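Comments concern the structure below.
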Amino acid sequence: MRVEGQSFRTVWIPEVGHSVVRIIDQRYLPFRFETADLRTVEEVAVAIRDMWVRGAGCIGATAGYGMWLAACEASATADFSPAFNRLAEVLRSTRPTAVNLSWAVDRQLKVAADVSDVFAKVAAVRSSAVEIADEDVAACRSIGEHGLDLFRDISQLKGSATVNVLTHCNAGWLAFVDHGSATAPIYRAHDAGIPVHVWVDETRPRNQGARLTAWELGKHGVPHTVITDNAGGYLMRAGQVDLVVTGTDRTTYTGDVVNKIGTYLKAVAASDCNIPFYVALPSSTFDWSARDGLTDIIIEERSGDEVSSIEGLCDGVETRVHLLPEGSHTANPAFDVTPARLVTGLITERGICKANEESILGLFPEKKLS
Ligand code: MRU
């Protein structure tokens, strides 16, 4: 995507011949656009854990590049494999819910294991990191093409009146390497001349909707309105939402969707109002071993500071302010589980399927469990 006329991915290798990974540092958006250079596995781990990068695809791609730095570090030790495995676990343990993280780490472990010479291992893991990022871009681009049909159909049904879509959190290009998942069909429809307007849930506690999705959509010229997380139900009942499209951090092979906290409530409201509720995801976000989203997936519990305070600009200065009375306790589950029965369909790089085992494995038959 373009920022001030320049094309960007969210993570990339900036200089040939140097073991450096560059990221868009999302902590400062929308107030400042900054990049950061990561030179060690520990720095990559901090960037993922402390959400300099975030979103399933972006976390996976950053971990893929992090594994290249791990290979570089392991190649400087007496025994490559134990060092590489240990560094892999450092990356894997940074965040528990987005499955793209362990998917990328495992893929890189296998790439290294398939090559015998240490320097060849480092080169193979580097190429594979680039491949992981390129595949993420291609998958999100295809999600945009498949989702475009949904927008076209709704637009036709409405006699070309504006299609109003509601989204939650940031499943935009910042959450991937490019394009985004939930936003890919939105960008594609907008570029195809279909009038689209996006209701952007602010997404407390970290406000990824207000801070990131709104910024992205604005940069691309897509009309949008930021709303409080509690406004969606009213807007749905008032006939102002045609469809909901969200992303996901992990989806079971049976179609249960784990996504940013608050997603479930939007799905319940959409179901009550007969509004289609779609989830967009690349296949790297399916968990092919998880059957039940509620019992088989770890939901990250984050610091209560995210609830008890909020960040913003005060007289042009980035500031964090405290919100709660002294002594109040906080809880901060970062994700929730939307059961498959509330999901109208899954938009993947191979097409749109129903949120059930048969339909998902119909699109991805090679994942059939024996
Ligand atoms: O905690 P985050 O910001 O890493 O949360 C992940 C997300 O961005 C959302 O849950 C998103 O909707 C799905 S990930 C593409």
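Positions are given from 1, in the same order as the sequence printed here. Just so it is clear, the values below take in all heavy atoms, side chains as well, and ignore hydrogens, waters and symmetry mates. None of the values given here were measured: they were computed from a predicted structure.
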Handout entry: Shared hydrophobic cluster for Val99 and Ile297 (ILVMFWY, side-chain gaps under 4.5 Å)
Key = no

Exercise for the section: Could I get the full list of salt bridge (Lys or Arg N to Asp or Glu O under 4.0 Å) partners for Glu135, not counting sequence neighbours? Expected result: Arg107

Handout entry: Contacts of type side-chain hydrogen bond (donor to acceptor under 3.5 Å, both in side chains), residue Ser328, not counting sequence neighbours
Key = none

Practice task
Identify whether Met1 and Phe8 are in the same connected component of the hydrophobic contact network (ILVMFWY, side-chain heavy atoms under 4.5 Å).
Solution key: yes

Problem - Test item: side-chain donor near acceptor, Gln108 and Ser128, under 3.5 Å - result: yes

Practice task
Step through the shown structure and confirm whether more than 12 heavy atoms of other residues, nucleotides or ligands are within 6.0 Å of CD1 on Ile298.
Solution key: no

Problem - Test log, rule side chain to side chain donor-acceptor pair (under 3.5 Å), inputs Thr319 and Glu311 - result: CA-CA 6 Å; Thr319 314; Glu311 239 179 39; over 6 Å; no

Fill in the blank from the handout: Residue pairs meeting ring-ring contact (aromatic ring centres under 6.0 Å, His included), one or both in residues 287-312, sequence neighbours left out, come to Phe286-Trp288, Trp288-Phe364

Exercise for the section: Report yes if some heavy atom in the side chain of Ile143 is under 4.5 Å from a heavy atom in the side chain of Leu281; otherwise report no. Expected result: no

Exercise for the section: Give a yes or no on this: more than 12 heavy atoms of other residues, nucleotides or ligands lie within 6.0 Å of atom CD of Glu326. Expected result: no

Exercise for the section: Assess whether salt bridge (charged side-chain N to carboxylate O under 4.0 Å, His left out) is satisfied between Asp114 and Lys110, documenting all intermediate values. Expected result: CA-CA 6 Å; Asp114 287 349; Lys110 181 161 181 345; 2.9 Å; yes

Problem - Lys260/Glu300 salt bridge by N-O under 4.0 Å criterion - result: no

Handout entry: Of Arg206, Glu216, Arg211, the residue whose pairing with Asn170 passes side-chain contact (heavy atoms from CB on, under 4.5 Å)
Key = Glu216

Completion exercise
Gln208 and Cys169 have their tightest heavy-atom pair at CB-SG, 3.7 Å

Handout entry: Partner set under side-chain hydrogen bond (donor to acceptor under 3.5 Å, both in side chains) for Ser7, not counting sequence neighbours
Key = Arg2

Can you give each donor-acceptor pair under 3.5 Å made by side-chain atoms of residues 266-280, sequence neighbours left out, with the distance rounded to 0.1 Å?
from, atom 1, to, atom 2, distance (Å)
Lys266, NZ, Asp201, OD2, 2.7
Lys266, NZ, Asp229, O, 2.6

Problem - CG on Leu87 to CG on Asn85, rounded to 0.5 Å - result: 9.0 Å

Handout entry: Residues which pass ring-ring contact (aromatic ring centres under 6.0 Å, His included) with His197, listed by chain and number, not counting sequence neighbours
Key = Trp199

Problem - Sidechain N-carboxylate O distance under 4.0 Å for Glu89, Arg92 - result: yes

Problem - Residues that Phe84 engages under ring-ring contact (aromatic ring centres under 6.0 Å, His included), provided they are two or more places apart - result: Phe80

Exercise for the section: Starting from the C-alpha separation in whole Å, work towards a yes-or-no answer on side chain to side chain donor-acceptor pair (under 3.5 Å) for Thr228 and Asn230. Expected result: CA-CA 5 Å; Thr228 60; Asn230 295 327; 5.5 Å; no

Completion exercise
Interatomic distance, CG@Leu157 vs CG@Asp242, rounded to 0.5 Å, equals 9.5 Å

Problem - Cation-pi, Tyr234 ring and Arg237 (6.0 angstrom, 45 degrees) - result: no

Practice task
Kindly state each residue pair satisfying ring-ring contact (aromatic ring centres under 6.0 Å, His included) with at least one member in residues 134-168, sequence neighbours excluded.
Solution key: none

Problem - Connected via hydrophobic side-chain network under 4.5 Å: Ile186 and Leu166 - result: no

Exercise for the section: Could you list the residues that satisfy salt bridge (Lys or Arg N to Asp or Glu O under 4.0 Å) with Arg341, not counting sequence neighbours? Expected result: none

For residues 251-258, dump all side-chain donor-acceptor pairs below 3.5 Å to protein atoms at least two apart in sequence or in another chain.
from, atom 1, to, atom 2, distance (Å)
Thr251, OG1, Thr248, OG1, 3.0
Thr252, OG1, Thr254, N, 3.3
Thr252, OG1, Thr254, OG1, 2.7
Thr252, OG1, Gly255, N, 3.2
Thr252, OG1, Asp256, N, 2.9
Tyr253, OH, Arg291, NE, 3.3
Thr254, OG1, Arg291, O, 2.5
Asp256, OD1, Ala340, N, 3.0
Asp256, OD2, Gly293, N, 2.9

Practice task
Please lay out, stage by stage, how Cys353 and Ile360 fare under the test side chain to side chain contact (heavy atoms under 4.5 Å, CB included).
Solution key: CA-CA 6 Å; Cys353 64; Ile360 293 168; 3.9 Å; yes

Practice task
Quick one: list whatever passes ring-ring contact (aromatic ring centres under 6.0 Å, His included) with Tyr187, sequence neighbours left out.
Solution key: His220

Exercise for the section: Could you tell me whether Arg204 and Glu306 have a side-chain N and a carboxylate O separated by less than 4.0 Å? Expected result: no

Practice task
Working to the nearest 0.5 Å, report the span between OG of Ser359 and CD1 of Ile352.
Solution key: 10.5 Å

Validation: residues 9-21 side-chain donor-acceptor distances under 3.5 Å, sequence neighbours left out:
from, atom 1, to, atom 2, distance (Å)
Arg9, NH1, Asp134, OD1, 2.8
Arg9, NH2, Asp134, OD1, 3.1
Thr10, OG1, Phe176, O, 2.5

